[in-house]
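What follows is one structure encoded as structure tokens, with my remarks underneath.
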Amino acid sequence: MTKDKKNKPSKELPIGFVDRKEKELLVRDFIISNIREIMIKYGFQYLETPSFEYSDSIGKFLPDKDRPDEGVFSFKDDSKWLSLRYDLTAPLARYVAKNYLEIPKPFKRYQLGTVWRNEKPGPGRFREFLQFDADFVGAKSLQADAELCVMISEILEKSGLTKSDYIIKISSRKITESLFKKINIKDNDQKLTALRALDKIERLGWEEVKKLLGEGRKDKSGDFTRGAKLKAKDIETIEETLKKKIPETEDLVEIFKIFKDYNFNNFEFDPSIIRGLEYYTGAIFEVNLKFDVTNNKGQAIQFGSIGGGGRYDNLVNNFGNYDAPATGISIGLDRLVYALMQKKEFKVKQSKPVVICVIDKNLMKEYINVQAILRNADVSSEIYSGEGKLKKQMEYANKIKSPAVILYGENEIKSGKPTLRNLSSGKELSIEIKELVNEIKKII
RNA sequence: GCAGCAGUAGCUCAGUUGGUUAGAGCACUAGUUUGUGGAACUAGGGGUCGGUGGUUCGAAUCCACCCUGCUGUACCA
């Protein structure tokens, strides 16, 4: 070992990136297997697109030009800029535009993939995370929007949530659109600021949101946020209209009717959900958890939604050639995993290997033989591959939560009966090799 | 990004108004047990006190800047 610490490589990870351990990965795999099963059942195609796209394909040509160059990781390759994808919807629009003539219309596809965002990370929020995304492209029917909600619901419940654990909140861009028309806001910046303010009703309450619609607001730390500077009269109109909580737009009326046909009722109309800015054109959904998620100090943390989506009728058209009204929904899988792991009753089991202790290296042939017998019977097992004495081997088996160890040394070889030690009870059995599999199966 | 608070061993933390060689618990290593884990006991390793510069006879402690984390806020396609 070198003592010189100065010129050693860093053990630290880049900010916002994390190592993910087995416990978490098992839960994630479990959710993924549920997703795939349900996607097949609902008739979606599986698709994978690359991690990198040309920056303009996933940003500059989108209607949302609010911050086209920020929030992504990019580099210049020869003359063109490439970016790591920040979601799976923009690459889908690119894929559809590129392959429009060959794909079925409507095109129903799902995708699981890592996405990257160059933003400030927080608890449960990373710069690299796994997203699940399902979309209908070329589907004008609102049945598609409704079915996405039903489908997400099925995934969540199959993964261990109950109806009282989550709710799908629904609204429509058409509501705010007509509202802005009514009070005659034309300035785009003002619209955006107002939308952002409305997005915070749940968290801040109407009083604070009204400040944001007006001059602005100071937060707890004393920082000031500039407001939308709307007239007091207009702010009142907005408050009155949204507080009524009546889904007056045609699209919502239709979707709620379809929900009834599906016998789906774990949703709620909430005009305060906004989701993104200029991207969506119609219905918008957000999947919210109803139980508290806590950090490692036991404090409830601001978790936000675990997913959402909506209708984006113009996205594919931005590539120029084809009109493809679309609707989709995504889930941040890591957030769902994090939330699910906090539910006490939730556990994913994986059997750990039985450890065959190496009492005498000259007997390796015997150990390999025992291992082959176990593995042929699909019993997870391993020959201790470290250097230590028996005590160390036992400590190892204990640490990896192995159910049992097999002791097969000089004494046992003589009688032809290995010793099987149950690591939870500490009991030892001296048994014939051919009985090993049966005895181990009793333990695990 | 902005604002507030924080950073001492792998982890959780103590360290009095600046004063000798910076501590504890857990974890780790070795031994008590030359073939037996989870308990106990004994011994041991491990820190440039987040970094750099400054004030001082003397800095973990005071000052400045930087880095990192947490919380709020902004942004989140």
Side-chain angles (χ1 to χ4, degrees), chain A residues 1 3-6 10-16 55 58-72 83 85-91 93 115-123 125-127 129 131 192-193 195-197 199-200 203-204 208 212 216-227 274-280 295-297 299-302 304-305 308-310 312 315 318 330 332 355 357-360 363 384 388-412 419-428:
Chain A
M1 282 207 281
K3 279 273 163 85
D4 177 17
K5 289 189 179 177
K6 277 183 184 160
S10 171
K11 297 186 285 262
E12 304 309 315
L13 287 168
I15 179 174
S55 304
I58 55 168
K60 279 186 185 166
F61 294 161
L62 295 177
D64 185 350
K65 291 183 183 171
D66 193 25
R67 301 172 69 190
D69 297 324
E70 290 181 48
V72 292
S83 297
R85 62 185 177 206
Y86 52 78
D87 74 359
L88 300 175
T89 311
V115 301
W116 295 265
R117 293 187 185 180
N118 193 356
E119 292 167 354
K120 180 191 162 186
R125 265 189 86 147
F126 308 107
R127 285 185 158 178
F129 57 97
Q131 206 174 51
L192 293 181
T193 311
L195 279 175
R196 287 180 190 129
D199 200 22
K200 297 174 179 69
R203 186 156 45 88
L204 303 177
E208 299 302 309
L212 285 171
R217 155 180 193 269
K218 253 190 195 179
D219 71 39
K220 266 190 204 166
S221 66
D223 196 25
F224 186 77
T225 310
R226 204 177 55 88
I274 302 295
R275 290 208 66 79
L277 302 172
E278 290 181 54
Y279 187 101
Y280 294 114
N295 63 13
N296 53 12
K297 285 179 183 166
Q299 303 158 312
I301 57 174
Q302 183 81 47
S305 68
Y312 51 98
L315 194 57
N318 279 294
S330 335
V355 175
C357 294
V358 177
I359 291 172
D360 181 348
L363 299 174
Y384 181 72
K389 296 179 177 176
L390 189 55
K391 179 185 165 99
K392 214 172 174 188
Q393 303 192 27
M394 300 288 290
E395 281 168 356
Y396 167 79
N398 190 48
K399 186 145 196 170
I400 66 165
K401 298 196 169 73
S402 165
V405 298
I406 289 170
L407 305 172
Y408 203 31
E410 211 182 329
N411 305 341
E412 287 87 356
T419 299
L420 177 68
R421 183 182 174 94
N422 179 331
L423 285 181
S424 55
S425 69
K427 281 181 188 157
E428 289 188 354

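Residue numbers start from 1 in every chain, and the chains themselves are labelled A, B, ... in the order their sequence lines are given, proteins ahead of strands.
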With heavy atoms under 4.0 Å as the rule, sort [X] into base, sugar-phosphate or nothing.
| X | answer |
| --- | --- |
| A:Glu412 | base |
| A:Gln393 | nothing |
| A:Lys200 | sugar-phosphate |
| A:Glu395 | sugar-phosphate |
| A:Asp360 | nothing |
| A:Thr89 | nothing |
| A:Ile400 | nothing |

Show every side chain to side chain donor-acceptor pair (under 3.5 Å) that has at least one partner inside residues 396-405 of chain A, sequence neighbours left out.
A:Glu382-A:Tyr396

Between [atom2] on [N] and [atom1] on [X], what's the gap in Å once rounded to a whole number?
| X | N | atom1 | atom2 | answer |
| --- | --- | --- | --- | --- |
| A:Lys391 | B:G35 | NZ | P | 13 Å |
| A:Ile406 | B:G35 | CD1 | C1' | 16 Å |
| A:Lys427 | B:G38 | NZ | C1' | 16 Å |
| A:Leu195 | B:C76 | CG | P | 10 Å |

Select one nucleotide: of [options], the one nearest the side-chain heavy atoms of [X].
| X | options | value |
| --- | --- | --- |
| A:Met394 | B:C2, B:G35, B:U36 | B:U36 |
| A:Lys399 | B:C76, B:C28, B:U73 | B:C28 |
| A:Ile359 | B:G37, B:G35, B:C76 | B:G35 |
| A:Leu390 | B:G1, B:U36, B:C28 | B:U36 |
| A:Asn398 | B:A77, B:A74, B:G38 | B:G38 |
| A:Arg117 | B:U36, B:U73, B:C76 | B:C76 |

Any non-hydrogen side-chain atom of [X] less than 4.5 Å from a side-chain atom of [Y]?
| X | Y | answer |
| --- | --- | --- |
| A:Ser330 | A:Asp87 | no |
| A:Ile400 | A:Val355 | yes |
| A:Asn411 | A:Ile359 | no |

Ignoring hydrogens and angles, are the base of B:U29 and the side chain of A:Lys392 linked by a donor-acceptor pair under 3.5 Å?
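Flag unset: no donor-acceptor pair detected.
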
Would you say B:A77 has OP1 or OP2 under 4.0 Å from some side-chain N or O of A:Arg85?
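Answer is no, no contact under 4.0 Å.
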
State whether A:Arg203 places a side-chain N or O below 4.0 Å from either non-bridging phosphate oxygen (OP1 or OP2) of B:U73.
yes

Between A:Arg85 and A:Ile58, which heavy-atom pair has the shortest distance, and what is it?
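That closest heavy-atom pairing would be CA-CD1, 4.1 Å.
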
Is it true that a side-chain atom of A:Arg421 and a backbone atom of A:Ile406 form a donor plus acceptor pair closer than 3.5 Å?
no

Going by ring centres under 5.5 Å and near-parallel planes (under 30°), is A:Tyr396 stacked on B:G37?
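The ring of A:Tyr396 is not stacked on B:G37.
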
How far, in whole Å, is B:U52 from B:C41 if one measures between their C1' atoms?
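Per the computed distance, 46 Å lies between those C1' atoms.
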
A:Trp116 vs A:Gly16, nearer the 5' end of RNA chain B by closest nucleotide
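Going by which nucleotide is closer to the 5' end, it is A:Gly16.
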
For RNA chain B, list all stems, counting runs of three or more consecutive pairs where every pair is Watson-Crick or G-U wobble with both distances under 3.5 Å.
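Runs of three or more consecutive pairs: B:1-7 with B:67-73, B:10-13 with B:23-26, B:28-32 with B:40-44, B:50-54 with B:62-66.
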
